[in-house]
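Okay, structure first, notes after.
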Amino acid sequence: MTETTASLFAGAAGYYVRYRAAYPDDVFAGIAARLGLDGRQRALDLGCGPGTATLPLAGYVAEVVAVDPEPAMLAEGRRLAGRSGVGTVTWVEGDSSGLGRLGLGAFDLAVMAASFHWMDRPVTLQALDGLIRPAGAVVVVTGSVSGTARDVPDRPTWADAVVAVRERWIPFRRRWRGDAGSDRRTYSQVRREHRDVLGASAFHRVESFEVRWGRRHDVESLVGLQMTMPDSTPGALAERAEGFRDDLRAELIKIEPSGVFVEPIRTEVLIGRRE
Ligand SMILES: C[S@@+](CC[C@H](N)C(=O)[O-])C[C@H]1O[C@@H](n2cnc3c(N)ncnc32)[C@H](O)[C@@H]1O
């Protein structure tokens, strides 16, 4: 594990559970239907975070092995799994770079939900090629890509306020740009599309579907959401955290005095198979 992957989401786990949206059921029902999941499969959830995909996936397979480099994320996952009483989940500390060494056994599918962009993707797919059974699949869930409701052209939206405040409080050099030598850049600026990376791997036969959904926010949930981003966790902002939060609250209310915000979300699912 590199120091970078271990510390990226340090301090974000509690905020993550509270402010990041769970995926809609259609995402996992869609994966299960396309892969014929019938409760007998073994799944890997790589970059599982606090189990956002792990827990719903566990309802469709015999076992999910949930791997993440961040111990606080795994602790939240264990806690939530205990509360929801889902099927069998094994939580493992590790990351994509050391997969072969974890001794995880064979899988029918590997899911990477909102995590593939943090990995050296070709190397990860190569490692997965050694772990996934011949008829198995790799599933990349792009996470919850936030669109912005722009009802009135040129009128600033809450997302514009977030961008402006981030630019004021997060020095450019600290905004996540990824490691030199890896293909990670930022969560929004991965150079090659996931689909192309899959297409060039052993899991080159790619099908996809998307689920469009949305959620409503108030000021505090939009502020909390920022606390889940690696470059604006309370730890990353440190002494600037309070100023950042206050500035964002003020900007959001200026844009929408009602304090009610809509976040349209698009979740794309890519399923890569060998043949
Ligand atoms: C944005 S969160 C996604 C969590 C969850 N899968 C979800 O869908 O909400 C990304 C997660 O990937 C993990 N991560 C970062 N680099 C990783 C790597 N190289 N291998 C595995 N996981 C990694 C982080 O610790 C974090 O928990």
Side-chain angles (χ1 to χ4, degrees), residues 1-25 27-28 31 43-58 64-78 80-81 89 91-102 104 109-128 131 138-146 176 178-179 181-188 190 194 197 211 213 215 224-233 235-236 265-270:
M1 186 197 321
T2 66
E3 198 183 326
T4 314
T5 52
S7 56
L8 263 178
F9 287 87
Y15 288 96
Y16 204 96
V17 169
R18 191 144 169 225
Y19 295 113
R20 288 258 184 142
Y23 298 104
D25 292 343
V27 169
F28 296 95
I31 294 168
L44 171 67
D45 181 3
L46 185 57
C48 62
T52 326
T54 316
L55 305 186
L57 184 63
V64 184
V65 176
V67 175
D68 202 281
E70 178 49 56
M73 287 287 194
L74 296 169
E76 282 294 336
R78 279 194 195 95
L80 295 173
V89 179
W91 304 91
V92 177
E93 189 178 325
D95 75 4
S96 56
S97 66
L99 268 183
R101 293 191 297 274
L102 292 173
L104 301 175
L109 67 152
V111 174
M112 286 161 290
S115 59
F116 197 36
H117 50 291
W118 292 115
M119 303 172 195
D120 182 326
R121 295 171 297 171
V123 169
T124 303
L125 292 172
Q126 219 171 357
L128 290 174
L131 295 181
V138 164
V139 180
V140 175
V141 180
T142 57
S144 305
V145 179
S146 176
W176 175 252
D179 288 346
S182 113
D183 71 349
R184 289 176 286 162
R185 283 301 171 266
T186 74
Y187 29 83
S188 59
V190 175
H194 289 335
V197 177
V211 180
W213 51 296
R215 60 179 181 157
L225 193 56
Q226 291 306 306
M227 300 297 115
T228 74
M229 311 292 176
D231 51 6
S232 55
T233 59
I265 301 175
R266 175 178 160 272
T267 296
E268 186 181 32
V269 180
L270 302 170

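Indexing begins at 1, ligand by ligand and atom by atom, following the structure's order.
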Which heavy-atom pair separates [X] from [Y] by the least distance, and what is that distance?
X	Y	result
Asp95	Leu46	C-CD1, 4.5 Å
Val89	Ala58	CG2-CB, 4.1 Å
Val67	Gly94	CG1-O, 3.4 Å
Pro56	Gly51	CD-O, 4.1 Å
Trp91	Arg78	CD1-CG, 3.4 Å

TODO: Answer with yes or no whether Pro69 contacts ligand 1, where contact means a heavy atom under 4.0 Å from a ligand atom.
DONE: yes
Using a strict cut-off of 4.0 Å, indicate which atoms of ligand 1 neighbour a heavy atom of [X].
X	answer
Arg20	1 (C)
Asp68	11 (C), 12 (O), 13 (C), 24 (C), 25 (O), 26 (C), 27 (O)
Gly49	4 (C), 27 (O)
Tyr23	7 (C), 8 (O), 9 (O)
Ser115	12 (O)

Task: Student check: side-chain heavy atoms of Val138 and Met112 closer than 4.5 Å - done: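 Result yes, sub-4.5 Å side-chain heavy-atom pair found.
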- [ ] Kindly assign one of parallel, tilted or perpendicular to the pair Phe28 and Tyr23, based on the angle between their ring planes and the thresholds 30° and 60°.
- [x]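 The arrangement is perpendicular - the two ring planes meet at more than 60°.
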Under 3.5 Å: N/O of [X] near N/O of ligand 1:
X	answer
Asp45	no
Gly47	yes
Ser96	yes
Met73	no

- [ ] Select one of side chain, backbone, both or neither to describe which atoms of Thr52 lie under 4.0 Å from any atom of ligand 1, heavy atoms only.
- [x]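 Contact part for Thr52 vs ligand 1: side chain (C-beta onward).
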Open item on the list: Heavy atoms only: which of Ala114, Ser97, Cys48, Pro50 lies closest to atom 5 (C) of ligand 1?
Closed with: Cys48
Open item on the list: Distance check, rounded to the nearest 0.5 Å: Leu109 atom CG versus Leu128 atom CG?
Closed with: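 Answer for the CG-CG pair, Leu109 versus Leu128, is 10.5 Å.
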